[in-house]
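Computed from a predicted model, the values in this text were never measured in an experiment. Both counts, for ligands and for their atoms, begin at 1 and track the order of listing.
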Amino acid sequence: MSQPMQAQGVYAASDDFIAGAHVNADQYAAMYADSVADPVTFWAGQARRIDWIRPFTRVKNTDFTLGQVSIKWFEDGHLNVSANCIDRHMTTRAGQTAIIWEPDDPKTPALHITYAELLENTCRMANVLKAQGVKQGDRVVIYLPMIPEAAYAMLACARLGAIHSVVFAGFSPDALANRINGCDARVVITADTAPRGGRKTALKSNADAALLNCDDRVKCLVVKHTGDQTTWVSGRDVDVKAEMAAAAPYCSYVEVGAEDPLFILYTSGSTGKPKGVVHTSGGYLVYAAMTHQMTFDYQDGDIFWCTADVGWVTGHSYIIYGPLANGATTLMFEGVPTWPDAGRFWEVCAKHKVNQFYTAPTAIRALMGQGAEWVEKHDLSSLKLLGSVGEPINPEAWNWYNTHVGKGRCPIVDTFWQTETGGHIITPLPGAIAQKPGSATKPFFGVKPVVLDPATGAEQTETATDGVLCIADSWPGQMRTLWDDHARFEEAYFSQYPGYYFTGDGCRRDADGYYWITGRVDDVINVSGHRMGTAEVESALVAHEHVAEAAVVGYPHDIKGQGIYAYVTLMNDVEPTEELRKELVKWVRTEIGPIASPDLIQWAPGLPKTRSGKIMRRILRKIAENDYGALGDTSTLADPSVVDQLIENRMNRG
Ligand code: WTA
């Protein structure tokens, strides 16, 4: 086997890897050219990777024109997503493991759930939902930890044509209630308690609290996972496991249209409340399956592990839908990387002989800090490929991942995508595109990235350039709308740069045509790979009785990528104390969830504002970054002295 190339920071897979890969460099070039020259023919061919109950005749019907944005793929085709992920594998894979479930506590045995068992459990869950009146088009909120029932529940919804909305189990009761109400769900599925890292979250009591603010008719389906005692509201609460055991083991699947919604997933935007991103059935599944196979070079029989939570899009596309559509074995992990010790990820890789491992830079940085000895203890010889997602990966983390985890022989795919894009849109294909650490490299098939001048919106035609990243045409995995708010969808993604889908990210394209994502250009921050709207944290803070005004920005954080920095102006008669600071952190955790906890709170008697009263966030960002030497033009400020005071008392002096 030849050694991986390592010239000028360019890393290619080994000759052996390339020879066995689904796509090599020549194939990528030819297929990519076809995919953008004639998307209709290209995608008609790719759509055959899934089973259609009624074949489509119309492939692509998409329009990015502001005021009439409409995205439809395979629109007259009919299918069922659950049947594609399960039933169609029954003839060849009934006894193959579909899901390996690794529990939080390593002393609890792992589960190997075969495709046959997945079918039965999904059917039983579907029958439980049906008994609660759930039918095609209804919304079901799933608020579960990383347990097999989360997969059954998602697939059961898909089976019935119901639309699921998974809410990350780390979200607070308020956040849960907003999402239940936002999509008018009549059923929420939760669990008694959720163990993670040896500690437990009281999910059912969170759901109880949330339901106080929801319609009385909402049913609460409870998975008794740990058996911990919870309150029980008779007539409203349903014991899922007991009902599943009593339900019929088969449930037929519903034929849905390609453009019928599969799920809603709430994500943070730069303004206002979280947005309910809508993905539909046909195009999403084709795209999730294809990217899973090609980006990770998934080969039949491989064990694939994506460490994300099913509460995020990464879990949807690369724990559930992509792998299962491909008949893969997918690993679902309930725990955390650092418990019982910092070797847990690697212990799980060794135990289950994982072939592809996909995680976030924040996890890599946290583990890197614990020392390489935790990796060296475990046999990682099964690994063939590593992946990264969620934020740009810094060179130190990349090198550590490559050296200690991949032993210099595993390609690293740095996959750029978003909740909105359904699957990877800029990513190396490991057999085709050599990696440069920190670059997501080249577009996936059918994706036409463009770099625009942020001010004029002009398309930058030179290869080496920078600006904002937009996509010029649709691809099947693209979101279709925002739930119940198509106007906001157009406004958020198609209005700044008319005719293009705007990602919200900045980027640089180098002389080789490689894309380097430089981070969000809007008021969205990326904390430990989780998207957070600064406006959401601000509105949580100002909801506190002592807070008059708040401005939130991101700042560089060694582990989290970005930390949350809040400038808080208190009510006139309130004393700023250490206690109050702690109380505000706790307050935000309760309002949104622990992932939104401010890292630093600076008391700000005044905020820098223009004469028209607009907060100048650019200045606040610079101060939070400890880069106050380069504040730029402050002459338009109503009171420039505010700035000196903020610099004087800045919190991040690192
Ligand atoms: C960021 C997660 C650089 C980006 C799948 C994007 C990345 C946001 C990468 C979407 C990457 C994701 N390199 N930045 N490989 N992957 N991002 O919706 O800012 O939770 O807009 O989807 O994460 O976050 P989301």
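No salt bridge links Arg621 with Asp627; every basic N to acidic carboxylate O contact stays at or beyond 4.0 Å.
Between Gly519 and ligand 1 there is no heavy-atom distance shorter than 4.0 Å. Note on ligand 1: Trp417 sits in its first shell, one or more heavy atoms being nearer than 4.0 Å. The shell of residues lying under 4.0 angstrom from ligand 1, judged by heavy atoms, includes Gly390.
Scored by the ring pair (Phe, Tyr, Trp, His ring centres under 6.0 Å) test, Trp305 finds Phe333, Phe345, Phe357 as partners (sequence neighbours excluded).
Looking at Tyr321, Tyr298, Tyr287 one by one, the single match for ring-ring contact (aromatic ring centres under 6.0 Å, His included) with His292 turns out to be Tyr298. When the options Phe296, Phe416, Trp475 are evaluated for a ring-ring contact (aromatic ring centres under 6.0 Å, His included) with His424, the one that passes is Phe296.
Ranking the protein heavy atoms by distance from atom 9 (C) of ligand 1 puts Glu391 N, 3.5 Å first.
Atoms of ligand 1 found under 4.0 Å from any heavy atom of Pro392, numbered from 1 in the order shown, are 3 (C), 13 (N), 14 (N). Here is the list of ligand 1 atoms found below 4.0 Å of a heavy atom in Asp414: 11 (C), 13 (N), 15 (N). Listed by number with element, the atoms of ligand 1 under 4.0 Å from a non-hydrogen atom of Thr314 are 5 (C).
Under 4.0 angstrom from ligand 1, the non-hydrogen atoms of Arg531 all belong to its side chain. Within the 4.0 Å heavy-atom criterion, the part of Asn526 lying near ligand 1 is the side chain and not the backbone. For Ala440, no heavy-atom contact with ligand 1 is shorter than 4.0 Å. Under 4.0 angstrom from ligand 1, the non-hydrogen atoms of Thr415 all belong to its backbone. For Ile517, every heavy-atom contact with ligand 1 shorter than 4.0 Å involves the side chain, none the backbone.
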* **Stepwise side chain to side chain contact (heavy atoms under 4.5 Å, CB included) test for Thr403 and Trp398** => CA-CA 8 Å; Thr403 307; Trp398 196 96; over 6 Å; no
* Please walk me through it: do Trp312 and Tyr318 pass ring-ring contact (aromatic ring centres under 6.0 Å, His included)? -> CA-CA 10 Å; Trp312 310 115; Tyr318 301 114; over 10 Å; no
* Trp516 and Tyr514: CA distance, side-chain angles, deciding distance, side chain to side chain contact (heavy atoms under 4.5 Å, CB included) verdict -> CA-CA 7 Å; Trp516 301 72; Tyr514 275 53; 3.9 Å; yes
* What's the verdict on side chain to side chain contact (heavy atoms under 4.5 Å, CB included) for Leu383 and Val405, showing C-alpha distance, side-chain angles and the deciding distance? -> CA-CA 8 Å; Leu383 289 174; Val405 183; 3.8 Å; yes
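Evaluated by nearest non-hydrogen atom to atom 19 (O) of ligand 1, the leading choice among Thr503, Ile426, Thr419, Asp505 is Asp505.
In this structure, Arg508 forms no cation-pi arrangement with Tyr515, as its terminal cationic atom is not both closer than 6.0 Å to the ring centre and no more than 45° off the ring axis.
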